[in-house]
Amino acid sequence: MMMLSCLTVVFALSVSDVTGRGSKEWRASAPAPPPGFNEENGKGTTHHHHQHGVLWSELVIVIALVVMLGFVVNVVIIRLLKEKTKVKNTSTPVVGTKTSSPVSVSVKEVVKVEDTNPYPGLVFFVEQEEQFNLQNLLDAGADLQNQNYCSSLYKVQLNNNNNNFAYAVKRLKKLQAPCEEFDRTMAMVGKLNHQNILPLVAYSCQGEEKLLIYKYQNKGSLLALMERNIEGKIEFPWKVRLSIAVGIARGLDHIYKSDPGIPHGNIKLSNILLNENKEALISEYGYWNMVDPKSASLQRSSNGYGSYTAPEKCLSEKGDVFSFGVILLELLTGKIVENSYSGGLDLPKWVKAMVREEWTGEVFDKEIAKVGMYAFPLLNVSLKCVAHFAENRPSMAEVLETILGVVVEAQEDFSFSSTDSTPPHPHPHTHDAAHVLYSVAEDKEES
């Protein structure tokens with residue numbers, strides 16, 4: 001509108017200028033009247049042209065005034081619209097700076113949302129009564145639990161009339177995937193229903209902001225449990241360890257029996273959570289294949305994470321089998337590789353060296369040493385899992401079958417649900433099977 005007004009003003013001024021200049025030029029170029037020409041009786045030609053010029057000048061002035069008035073009105077309207085837009089934009093939540101402090105902050109200080117719609121991109125996999133809107137989440141306090149190169153994890157406590165649960169909100173970073181791919185993957189993950197896989201409550205994808213929302217698990221992770229056991233603060237009975245190993249194996253086996261069987265890619269102690277019954281829950285499944293490779297490499301190289309990574313560094317079932325084998329060795333030896341407790345220990349290499357030197361009995365910690373005959377087949381399957389070459393590793397189905405075989409044989413000797421950690425004399429068949437499996441595993445170890 002403003003451009004149109006300007007063009008009108010220019011046109012009007014041009015008409016005025018051309019009219020005035022044309023009158024003058026016409027007068028200058030007109031031939032001189034003949035002698036004796038009476039101007040008053042000459043049909044009033046000069047007077048008529050004079051009146052015509054005055055009328056044109058008045059008309060141009062009126063048009064100019066109208067156009068200028070319209071221009072002023074347009075300017076005022078445009079300024080009012082700009083002010084309105086500015087006020088609207090300032091109502092949108094802004095991104096706060098990333099914090100590394102455990103002090104509680106508001107979720108909206110760390111999470112960027114693109115509009116104030118109460119349901120912008122929240123996709124739920126729970127019943128209606130358990131759902132909530134984004135504003136509830138943004139208004140809640142968030143305690144930073146952990147952060148690394150690829151993500152930040154917050155504990156968020158909702159306090160509204162319908163929902164008083166605590167949630168774990170994972171804010172993902174460095175993902176090389178558009179929202180369309182992320183949506184497809186999370187839709188598959190959300191449909192997984194297994195007792196040993198942490199259920200995905202909801203997710204959100206808005207441009208660069210990608211969130212995963214889970215129920216917060218108060219019992220913490222397997223890493224925290226083993227750390228407290230090493231510090232002598234709690235007991236970690238062998239049957240609980242075996243139950244957790246079975247749970248992890250069952251969860252991974254379910255993943256690879258599902259379609260399309262997306263590799264986890266980040267199996268480690270801290271990603272194995274525990275429910276109220278100390279049953280294993282595999283967490284953070286489904287997004288590792290979308291993480292920026294450089295960020296993934298940096299994370300693996302820190303805090304012992306690389307010890308869980310197979311030598312081929314490939315996202316596959318055999319890669320996850322290797323990671324599971326390391327966890328099984330941790331459960332058997334009582335040593336952990338994920339943090340400073342390991343002191344840079346390469347646990348698979350250490351165990352293989354102990355086996356070659358025939359110090360196998362020294363591998364187990366004191367709790368597992370009580371049930372050594374049951375632990376041998378577990379040690380052998382763990383060594384198969386951490387074989388250097390992927391083709392020498394078993395499938396998760398084979399791993400689960402072996403572990404369940406140990407459980408069955410243990411149940412034949414005593415009640416597995418008992419709180420007593422010390423079993424009676426092991427069954428002779430168990431001893432023979434363990435010896436054979438052990439020999440096979442030892443013969444196949446790489447130097």
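Computed over heavy atoms, backbone and side chain alike; hydrogens, waters and symmetry mates excluded.
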Of all heavy-atom pairs linking F324 and C385, the shortest is CD2-SG, 4.4 Å
Any donor-acceptor pair under 3.5 Å linking the side chain of D320 with the backbone of H264? yes
CG of N392 to NE2 of H388: how many Å apart, nearest 0.5 Å? 10.0 Å
Quick one: are V156 and I213 in side-chain contact, heavy atoms under 4.5 Å? no
Checking the side chain of N146 only, and the main-chain atoms of S152 only, is there a donor and an acceptor separated by less than 3.5 Å? no
Consider only side-chain N and O atoms of Y308 and N266, and report whether a donor and an acceptor are under 3.5 Å apart. no
Walk me through it: do Q131 and V126 pass the test side chain to side chain contact (heavy atoms under 4.5 Å, CB included)? CA-CA 7 Å; Q131 297 181 15; V126 293; 4.0 Å; yes
In Å, rounded to the nearest 0.5 Å, how long is the span from CD1 of I230 to CZ of F236? 10.5 Å
What are the two closest heavy atoms between A410 and W238, and how far apart are they? CB-CH2, 4.2 Å
Might you work through the side chain to side chain contact (heavy atoms under 4.5 Å, CB included) test for L122 and N133, ending with a clear yes or no? CA-CA 8 Å; L122 274 179; N133 59 50; 5.5 Å; no
Of I327, I403, L328, T402, which meets side-chain contact (heavy atoms from CB on, under 4.5 Å) against S382? L328
Looking at S307 and D346, would you say the former's side chain and the latter's main chain have a donor-acceptor pair under 3.5 Å? no
Heavy-atom nearest pair, G319 first then A310, reads CA-CB, 4.1 Å
Would the distance check show the side chain of Q157 and the main-chain N or O of A140 forming a donor-acceptor pair, the cut-off being under 3.5 Å? no
Pair up each side-chain donor or acceptor in residues 185-198 with any protein partner under 3.5 Å, not counting sequence neighbours, and list the distances.
| from | atom 1 | to | atom 2 | distance (Å) |
| --- | --- | --- | --- | --- |
| T185 | OG1 | E181 | O | 3.1 |
| H194 | ND1 | N196 | N | 3.0 |
| N196 | ND2 | A280 | O | 3.0 |

Show the numbers, then the answer: is there a side chain to side chain contact (heavy atoms under 4.5 Å, CB included) between L153 and V169? CA-CA 6 Å; L153 179 66; V169 178; over 6 Å; no
Taking R228 for its side chain and E235 for its backbone only, find out whether a donor-acceptor pair lies under 3.5 Å. no
Compare every heavy atom of A166 with every heavy atom of K155, then report the nearest pair and how far apart it is. CE-CB, 4.1 Å
N275: which residues meet the side chain to side chain contact (heavy atoms under 4.5 Å, CB included) condition with it, sequence neighbours left out? Q217, N277, E279, L281
Is a donor on one side and an acceptor on the other found under 3.5 Å between the side chain of E209 and the backbone of Q206? no
Between Y214 and F125, is the gap from one ring center to the other below 6.0 Å? no
With heavy-atom distances below 4.5 Å as the criterion, would you say the side chains of I248 and L252 are in contact? yes
To the nearest 0.5 angstrom, please state how far the CG atom of L404 sits from the CZ atom of R250. 5.0 Å
Of L223, V337, L222, which meets side-chain contact (heavy atoms from CB on, under 4.5 Å) against E330? V337
For the OH atom of Y374 and the CD1 atom of I368, what is their distance to the nearest 0.5 Å? 13.0 Å
Could you check whether E208 pairs with K173 (Lys NZ or Arg NE/NH1/NH2 to Asp/Glu carboxylate O, under 4.0 Å)? no
Is the positively charged end of K215 above the ring of F165, judged by distance under 6.0 angstrom from the centroid and angle within 45° of the axis? yes
Mind checking the NZ-CG spacing from K335 to D365? Nearest 0.5 Å is all I need. 9.0 Å
Report the C-alpha distance between D183 and Y203 in whole Å, list the side-chain angles of each, state the deciding distance to 0.1 Å, and finish with yes or no for side-chain hydrogen bond (donor to acceptor under 3.5 Å, both in side chains). CA-CA 9 Å; D183 287 337; Y203 76 89; 3.1 Å; yes
Any non-hydrogen side-chain atom of R241 less than 4.5 Å from a side-chain atom of L378? no
Does E401, at its CD atom, have more than 12 non-hydrogen atoms belonging to other residues, nucleotides or ligands within less than 6.0 Å? no
Closest heavy-atom pair and its distance - A390, E312: CB-OE2, 3.8 Å
Nearest heavy-atom pair of L329 and P348: which atoms, and what distance? CD1-CA, 3.9 Å
Exactly one of V386, T333, L332 should register a side-chain contact (heavy atoms from CB on, under 4.5 Å) with L347. Which one does? T333
Within this structure, what is the CD1-OH distance for the pair I255 and Y285, rounded to the nearest 0.5 Å? 5.0 Å
Please answer whether the main-chain N or O of M396 pairs with a side-chain N or O of E317 as donor and acceptor at a distance below 3.5 Å. yes
Looking only at the aromatic ring of each residue, does the gap between the centers of F132 and F124 stay below 6.0 angstrom? yes
Out of K210, R171, E284, K170, which one pairs with S151 under the side-chain hydrogen bond (donor to acceptor under 3.5 Å, both in side chains) rule? K170
Can you check whether F376's main-chain N or O pairs, donor with acceptor, with N380's side chain at less than 3.5 Å? yes
For the residue pair V326 and F322, establish whether any side-chain heavy-atom pair is separated by less than 4.5 Å. yes
